[in-house]
J.: 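Below is the structure I would like to discuss, written out as structure tokens.
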Amino acid sequence: MTWNWPPFILIALTITGDLRMDLIGRYMKAYNFCDPRNIKAEVLSGLTVALALVPEAVAFAFVAQVEPLVGLYAAFIVGLITALVGGRPGMISGATGALAVVMVSLVVTHGVEYLFAAVVLMGIFQILAGVFRLGKFIRLVPHPVMLGFVNGLAIVIFLAQLSQFKEIPTDPSSNWLSGSTLYIMLGLVAVTMAISFLLPRVTTLIPAPLVAIVVVSGLVIGFQLDIPTVGDMASIAGGLPEFHIPLVPFNLETLYIILPYSLILAAIGLIESLLTLTLIDELTETKGRTSQECMGQGLANLVTGFFGGMGGCAMIGQSMINIKSGGKARLSGVTGAVFLLIFILFASDLIELIPLAALVGVMFMVVIGTFEWSSFRILHRIPKSDAFVLILVSGVTVATDLAIAVIVGVLVSSLVFAWNSAKHMYARVGTSEDGKTTVYEITGPLFFGSISSFRDLFNPQDDADDVVVDFRNARVWDHSGLEAIDALADRYTKYGKTLHLRHLSPDCRHLLEKSVSMVEEDREGDPHYGILVDYDRMYHEDVEIPLNNGAKS
């Protein structure tokens, strides 16, 4: 049958079709779903990521002592949702070891259904973190902590691959490979790494890790080499994930059980995700959205808990594979998740033939690319405290987990900052022209760390009967600083001398208890910076009392 369309209708359809495609292309690019010119690279990168996700998801499922499909479903659902609505296009999320080690005690003690409930609550906490914009606090993580995080995680990824050199990769007590099997395994790992390193120098049309996996798999299948494959870990065959309300009692006792786990899982997941986001921002010279990423991770885990998944977060290894393979938009993450589901539904027999040596080689290249080798060169150039923090965070990441390492690094960095800031408290001390007034012009931050230095600046016994303390160049940071001012007022009152406090902000006046009556009203000259609130307001000029003496610190 032939359709005889009038020419003007054909022309109209052609024009509107082109217009629709143009609009779709613009939308995809604006939303960063995909640049239409880069679709091939995004799809191939997603395929590479999916292949690398399989053994990782299975291994982490065994760590958490749940079925392999629980890890695979988590990798699919978390990866898909975060790719669609997360705040960092190009970042890959899925089941991770950092979360698995926390989940295992809950699973062993109460069962997998409690894990699903904990993952749902974890997702709610992460959504709330996004709503209240808590992701912005990731900027408080110092650069040495970031370097330590990257190096530590690279070491963890490397150590995780060593289990693939055992006869039974999922059994920690299994014997190590030996003899010809070990040599063949090492040789194929080397071939994979060589292809991954050399191919980009020839062409970038196809991701080098994907070519390496295909070539090494062909060698193993063609020569029927007897080395461990994905199928030796577990079968990945399964159906579609089904909606499943966790079979737990809906009461306060259940909440009491899962609440601590959910809080820890939410914190670890967001810390790892946001630090990975920051790293990819630097690599791609683009800017991710932290609050959106928190909500994306939360939504992903909320849904995962209702579909029998173990939850997850961003994966730095797979994210690095994706970025280096050319996947920088949302399409690569979506493609990776879809391919993973296809493997589970239709291609499990084929995927299970992939040798672990190929995937280990790809991950070893990720380790080399992730580790900040420049940190060795700068260790002797940066402050010793920063070098200590870098090494400390790396070590704690390997010994315990990422969340503890980052918290320890931030705390140590904060203490170092407080100690160094406390050294910058000093005063210009002088007398007025008539010699009847001692004047202290304080400079520096007044907080818990500098109270001792602040107290040592004053000499009430030898000062004139009239004393002026000018806070024009000083800032009161906390309640400890206010207490120090009140204590200073007590000291001068004890000697029967009059103390005048100038240029204190209104909030300081309000919070002072004993020395508030000594604050001079000088509204035009008073700063309005606010304790722990606003450090960027400017001071107004005021008439200065001439000083005759020098500085005291």
Side-chain angles (χ1 to χ4, degrees), residues 60 82 86-88 91-103 122 125-126 128-130 132-160 260-283 288-291 293-294 296-298 301 311-320 367 370-372 375 378-379 382-383 385-418:
F60 296 144
T82 54
R88 176 63 265 181
M91 189 165 74
I92 304 299
S93 297
T96 63
L99 299 180
V101 295
V102 177
M103 297 171 179
M122 164 193 177
F125 285 141
Q126 291 179 328
L128 291 175
F132 291 105
R133 300 185 178 277
L134 300 183
K136 63 185 178 182
F137 290 107
I138 198 67
R139 71 186 66 172
L140 297 179
V141 177
H143 190 64
V145 176
M146 271 294 299
L147 288 179
F149 153 75
V150 171
N151 291 349
L153 217 52
I155 296 172
V156 169
I157 294 173
F158 172 78
L159 295 177
Y261 290 97
S262 297
L263 285 171
I264 295 172
L265 291 171
I268 293 175
L270 289 184
I271 289 173
E272 183 161 358
S273 298
L274 294 178
L275 289 178
T276 304
L277 179 149
T278 303
L279 176 63
I280 296 177
D281 282 353
E282 294 178 359
L283 291 174
R289 297 179 179 180
T290 55
S291 297
E293 183 61 33
C294 291
Q297 293 285 338
N301 284 302
C313 63
M315 308 178 74
I316 187 171
Q318 277 67 20
S319 297
M320 293 293 291
V367 170
T370 301
F371 195 91
E372 285 287 347
S375 57
I378 65 174
L379 276 178
I382 60 178
S385 58
D386 287 345
F388 172 74
V389 169
L390 193 161
I391 296 172
L392 176 67
V393 173
S394 300
V396 175
T397 300
V398 175
T400 57
D401 62 61
L402 169 68
I404 293 177
V406 172
I407 291 171
V408 168
V410 171
L411 287 176
V412 173
S413 297
S414 300
L415 291 174
V416 170
F417 172 77

J.: Between Ala100 and Phe60, what is the shortest heavy-atom contact and its length?
T.: CB-O, 3.6 Å
J.: What pair of heavy atoms forms the shortest contact from Leu379 to Ala387, and how long is it?
T.: CD2-CB, 3.7 Å
J.: Flag the pair Thr276 / Arg88 as yes when at least one side-chain heavy-atom distance between them is below 4.5 Å, and no otherwise.
T.: no
J.: Given side chains that start at C-beta, do those of Pro142 and Val389 come closer than 4.5 Å, heavy atoms only?
T.: no
J.: Can a donor-acceptor pair be found, under 3.5 Å and without considering hydrogens, that links the side chain of Asn151 to the backbone of Glu372?
T.: yes
J.: A side-chain contact here means heavy atoms from C-beta on lying under 4.5 Å apart; do Thr278 and Arg139 qualify?
T.: no
J.: From Leu270 CG over to Leu134 CG, what is the distance, rounded to the nearest 0.5 angstrom?
T.: 8.5 Å
J.: Taking the side chain as every heavy atom from C-beta outward, state whether Leu99 and Cys313 have any pair of such atoms under 4.5 Å apart.
T.: yes
J.: Going by heavy atoms in the side chains, are Asp386 and His143 under 4.5 Å from each other?
T.: no
J.: Out of curiosity, Ile391 CD1 to Ser375 OG, how far, rounded to the nearest 0.5 Å?
T.: 8.5 Å
J.: For the residue pair Leu274 and Cys294, what are the closest heavy atoms and their distance?
T.: CD1-SG, 4.1 Å
J.: Counting distance only, does the side-chain N/O of Thr397 pair as donor-acceptor with the main-chain N or O of Phe149 below 3.5 Å?
T.: no
J.: Looking at every non-hydrogen atom in both residues, tell me the closest pair between Gly152 and Val398 and how far apart they are.
T.: O-CG2, 3.8 Å
J.: Test side-chain contact (heavy atoms from CB on, under 4.5 Å) on Phe371 and Ile155; report intermediate values, then the result.
T.: CA-CA 8 Å; Phe371 195 91; Ile155 296 172; 4.2 Å; yes
J.: Using atom types as modelled, flag every donor-acceptor pair under 3.5 Å from a side chain in residues 408-418 to any protein atom, sequence neighbours excluded.
T.:
unit_1: Ser413; atom_1: OG; unit_2: Gly409; atom_2: O; d: 2.9
unit_1: Ser414; atom_1: OG; unit_2: Val410; atom_2: O; d: 2.7

J.: Is there a side-chain contact between Lys136 and Ser291 in this structure, where contact means two heavy atoms from C-beta onward sitting under 4.5 Å apart?
T.: no
J.: Once rounded to the nearest 0.5 Å, what's the spacing between atom CD of Glu293 and atom OG1 of Thr290?
T.: 9.0 Å
J.: Check side chain to side chain donor-acceptor pair (under 3.5 Å) between Gln318 and all other residues, then give those that pass, not counting sequence neighbours.
T.: none
J.: Are any of the side-chain heavy atoms of Thr82 and Met91 separated by less than 4.5 Å?
T.: no
J.: With side-chain contact (heavy atoms from CB on, under 4.5 Å) as the criterion, how do Ile378 and Leu147 come out once you've worked through the C-alpha distance, each side chain's angles and the decisive distance to 0.1 Å?
T.: CA-CA 11 Å; Ile378 65 174; Leu147 288 179; 4.1 Å; yes
J.: Say you draw a straight line from CZ of Arg133 to CZ of Arg289; how long is it, rounded to the nearest 0.5 Å?
T.: 10.0 Å
J.: Which atom pair, heavy atoms only, marks the closest approach of Val367 to Phe158?
T.: CG2-N, 3.7 Å
J.: Looking at every non-hydrogen atom in both residues, tell me the closest pair between Gln297 and Ser93 and how far apart they are.
T.: NE2-OG, 3.0 Å
J.: Working to the nearest 0.5 Å, report the span between CD1 of Ile316 and CD1 of Ile92.
T.: 13.0 Å
J.: How about Ile138 and Leu277: do any of their side-chain heavy atoms sit closer than 4.5 Å?
T.: no
